[in-house]
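Read the structure below first, then the notes.
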Amino acid sequence: MKSRVKKMKKKVVVGLSGGVDSSVTAYLLQQQGYEVIGLFMKNWHDDTVTISDECPWLDDSNDAMMVADKLGIPFQTVDLSEQYKERIVDYMFREYERGRTPNPDVLCNREIKFDVFMKIALSLGADYVATGHYCRKGEIVKNGEITYQLLAGKDDNKDQSYFLCQLTQEQLAKTLFPIGELQKPEVRKIAAEQDLITANKKDSQGLCFIGKVRLPEFLQQKLKPKEGVIVEVRSEIDQFLVEVPEFNSKLDELKHLSNKFKYSQQDGAIVGKHQGAHYFTKGQRKGLAVGGTPEPLFVIDTDVEENIIYTGQGKEHPGLFRKALFVAPEEVHWVRIDLALKPEQEMKVKARIRYRQDLQNATLYQTKNGLYIEFEKAQSAITEGQFVAWYLEDELVGSGVIS
């Protein structure tokens, strides 16, 4: 007698964003035999800060709905704008106010997609949540215990593991990344073959939630303009020319290397005015509106207390470079908890301090007061508030907020 027990399909909720990547994610999972549900996240509906008449979330939600319809899967919209405002937008304002530069995309993944959204999906009875990120998930089994790995996407040009650098083992356990093995052109080809409306849709730009928005205009909603001066710092001031001292210990050396330069107005000349130091970030070139210099000016530091922007000429200006950075203990996050360093331990890694940066050779030094990362080569525009992520081969094993 044949068994009547029908194997239940595993249920996956796909975050359908209205883009090609999440559309193909849903299609592939359907092909793999999962029961797929499409959920569109509405994270923002304050249309006063978008800068064009387009209403990006409405277009995106319509596209997501049409993809779900084409694939014949259930679809609904969840409004997470309240949590979004609280956890991302308010946090961004606070960070900018302190003169730091947050990364909304990393935060959006940590706080919204893989927390609030994931909880909603699991409450709908889902076994997994899937997203259209270009990254892969691996598994290591030791003594019957599974440890999950966050691996770079196969498409070097699109690898998005950096944006997921704050994920936990619990979140990875419940996540699928179906397009991580594919190249972007392959994803578009699949979408075109399946006649999905998103096949040729351009990748979204701008903040991960508002669509087309100019950051200063967005920040001006909360952070009021305040006129201050732009100072150009000469590249031959004393602190750039100081000989490296002898150190009594590696820790003293790391403290020295990760120290920020401290500037005062006496270190240079006033070359212009700005509308608020908190709108600018290290390494920024655009938006200074100062001309007439042989090489373009780059922001080398901002002082939000005194409301001064310090700049230097050219991308090789010594004020842009540092060889080490520090991560405070509460900001250190290990995706691979089993690899976490104990005080006095060190680890050779590859690291990046921003999304599109090539991986750099570096060494982690764990101290009882926090984590130091020393790079083989000095890095340009190490920026407080941004995330540093470190890798072993193509596996992202940890990350932290730059102090």
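We number each residue from 1, following the sequence as shown. None of these values were measured; they are calculated from a predicted model.
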Polar side-chain atom of [X] near backbone of [Y] as donor-acceptor pair, under 3.5 Å:
X	Y	value
Gln386	Thr101	yes
Gln169	Tyr148	yes
Arg136	Ala152	yes
Arg354	Ala381	yes
His317	Val233	yes
Asn109	Phe163	yes
Glu145	Lys142	no
Glu395	Leu392	no
Gln194	Ala192	no
Lys10	Tyr128	no

Looking at side-chain heavy atoms only, is the closest gap between [X] and [Y] below 4.5 Å?
X	Y	result
Lys350	Asn361	yes
Thr131	Phe114	yes
Lys174	Met118	yes
Val335	Val397	no
Leu164	Cys135	yes
Ile300	Thr311	no
Tyr34	Leu176	yes
Thr77	Met65	no

Could you pull out the closest heavy-atom pair between [X] and [Y], with the gap in Å?
X	Y	value
Gly19	Ser22	O-OG, 3.5 Å
Ser161	Leu151	CB-O, 4.3 Å
Ile37	Ile73	C-CD1, 4.5 Å
Ile190	Leu182	CD1-CD1, 3.9 Å
Ser61	Phe75	O-CZ, 4.0 Å
Asn307	Lys226	ND2-O, 2.9 Å

Are [X] and [Y] ion-paired here, with the side-chain N under 4.0 Å from a carboxylate O?
X	Y	answer
Asp358	Arg352	no
Asp90	Arg94	no
Lys201	Asp60	yes
Asp267	Arg234	no
Glu111	Arg87	yes

inquiry  = Walk me through whether Asp203 and Lys158 qualify under salt bridge (charged side-chain N to carboxylate O under 4.0 Å, His left out).
reply    = CA-CA 11 Å; Asp203 289 345; Lys158 291 297 290 180; 3.1 Å; yes
Trace of the side-chain hydrogen bond (donor to acceptor under 3.5 Å, both in side chains) decision for Glu232 with Gln313:
CA-CA 8 Å; Glu232 185 191 332; Gln313 256 193 64; 3.0 Å; yes
| Evaluation steps, side-chain contact (heavy atoms from CB on, under 4.5 Å), between Phe321 and Ile382 | CA-CA 8 Å; Phe321 291 90; Ile382 290 175; over 6 Å; no
Would you check if there is a donor-acceptor pair between the side chains of [Y] and [X] at a distance under 3.5 Å?
X	Y	value
Lys184	Asn157	no
Glu306	Gln265	no
Gln379	Gln360	yes

Only residue of Leu80, Asp79, Val89 satisfying side-chain contact (heavy atoms from CB on, under 4.5 Å) with Asn43 is Leu80
**Val14, Leu16, Ile120 screened by side-chain contact (heavy atoms from CB on, under 4.5 Å) with Leu39, the one that passes** =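 It is Ile120; the other options fail the test.
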Please round to the nearest 0.5 Å and tell me the distance separating atom [atom1] of [X] and atom [atom2] of [Y].
X	Y	atom1	atom2	result
Leu396	Tyr162	CG	OH	10.0 Å
Phe375	Ile353	CZ	CD1	5.5 Å
Glu376	Glu374	CD	CD	9.5 Å
Asp303	Tyr263	CG	OH	12.0 Å
Arg336	Trp390	CZ	CH2	14.0 Å
Ile197	Asn62	CD1	CG	8.5 Å

> Are Tyr310 and Phe261 close enough that their ring centres sit under 6.0 Å apart?
Replying inline: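 That pair fails the under 6.0 Å test.
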* To do: Examine Phe247 together with His256 and report whether their ring centres are nearer than 6.0 Å.
  => yes
* Fit a plane to each ring of Phe280 and His274, take the angle between them on a 0 to 90° scale, and name the class: parallel (under 30°), tilted (30 to 60°) or perpendicular (over 60°). =>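 If you compare the ring of Phe280 with that of His274, the planes turn out perpendicular.
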Count the heavy atoms belonging to other residues, nucleotides or ligands that lie under 6.0 Å from [atom1] of [X], then report whether that count exceeds 12.
X	atom1	value
Lys315	NZ	no
Met66	CE	no
Glu246	CD	no

In Gln166, Gln171, His333, the residue satisfying side-chain hydrogen bond (donor to acceptor under 3.5 Å, both in side chains) with Arg110 is Gln166
task: Would you sort out whether Arg98 and Glu384 count as a salt bridge (charged side-chain N to carboxylate O under 4.0 Å, His left out), showing the intermediate values?
output: CA-CA 10 Å; Arg98 293 168 59 195; Glu384 296 76 34; over 6 Å; no
One pair to check against salt bridge (charged side-chain N to carboxylate O under 4.0 Å, His left out): Lys9 and Glu35. What are the steps and the verdict? CA-CA 6 Å; Lys9 278 185 175 183; Glu35 181 190 339; over 6 Å; no
inquiry  = Does Leu254 form a side-chain contact (heavy atoms from CB on, under 4.5 Å) with Asp252? I'd like the steps, not just the answer.
reply    = CA-CA 6 Å; Leu254 291 166; Asp252 287 347; over 6 Å; no
Checking side-chain contact (heavy atoms from CB on, under 4.5 Å) for the pair Lys260/Arg322: CA distance, chi angles, key distance, verdict?
CA-CA 8 Å; Lys260 276 176 63 170; Arg322 269 193 313 184; 3.2 Å; yes
